[in-house]
Amino acid sequence: MYCVISPDIALRSWIGVPCAFYLRHRSDAVGLTREEFECLLLADGRHDLPEDAVLAGLLARGLLEACGQGERT
């Protein structure tokens, strides 16, 4: 499945919190699992992401948006 990160999401990494995101209009960060973070890094509309529990969870939380291959990059 091809996906892109939702426009209001920014990925971040800090010492002590290596995998996180925040909403662009808020300042509080939310931690992610390593698998979630890596899935979000690949969500560029060009990579075919495996349809698994991690992807389903990110889509359900609104962190990813489905798209066609190369449709949105």
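This one's a predicted model, so the numbers in the text were calculated from it and none came from an experiment. Below, each value reflects all heavy atoms present in this structure, side chains not excepted, and no hydrogens, waters or symmetry copies.
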Exercise. Any side-chain heavy atom of Arg24 within less than 4.5 Å of one from Ile9?
Worked result: no
Exercise. With the 4.5 Å side-chain cut-off for hydrophobic clustering, are Tyr2 and Leu55 part of the same group?
Worked result: no
Exercise. Transitively linked via ILVMFWY side-chain contacts under 4.5 Å: Leu41 with Leu23?
Worked result: yes
For this session: Would you kindly confirm whether Phe37 and Val4 end up in one hydrophobic cluster when ILVMFWY residues are joined by side chain heavy atoms under 4.5 Å apart?
Result: no
Exercise. Does the pair Ile5 and Glu65 meet the rule for a side-chain contact (heavy atoms from CB on, under 4.5 Å), with working shown?
Worked result: CA-CA 6 Å; Ile5 296 176; Glu65 297 176 1; over 6 Å; no
Exercise. Is the shortest heavy-atom distance from the side chain of Leu40 to the side chain of Leu64 under 4.5 Å?
Worked result: yes
Problem set entry | Cys19 backbone acceptor or donor facing Ser13 side chain under 3.5 Å | no
For this session: List the steps, then state whether side-chain contact (heavy atoms from CB on, under 4.5 Å) holds for Leu32 with Leu11.
Result: CA-CA 10 Å; Leu32 295 164; Leu11 297 179; 4.2 Å; yes
Exercise. Atom CZ in Phe21, atom CZ in Arg12: separation rounded to 0.5 Å?
Worked result: 12.5 Å
Problem set entry | With sequence neighbours excluded, residues passing salt bridge (charged side-chain N to carboxylate O under 4.0 Å, His left out) with Glu38 | none
Seminar exercise, completed: In this structure, NE2 of His47 is separated from SG of Cys39 (nearest 0.5 Å) by 11.5 Å
Exercise. Does Glu36 pair with Arg61 as a salt bridge, N-O distance under 4.0 Å?
Worked result: yes
Exercise. Taking a hydrophobic cluster as the set of Ile, Leu, Val, Met, Phe, Trp and Tyr residues connected by side-chain heavy atoms closer than 4.5 Å, whether directly or through intermediates, do Val54 and Met1 fall within one such cluster?
Worked result: yes
Problem set entry | Minimum heavy-atom distance between Gly62 and Ser6, given as atom pair plus value | O-OG, 2.7 Å
Seminar exercise, completed: Result for side-chain contact (heavy atoms from CB on, under 4.5 Å) between Leu49 and one of Leu59, Leu42, Asp44 points to Leu42
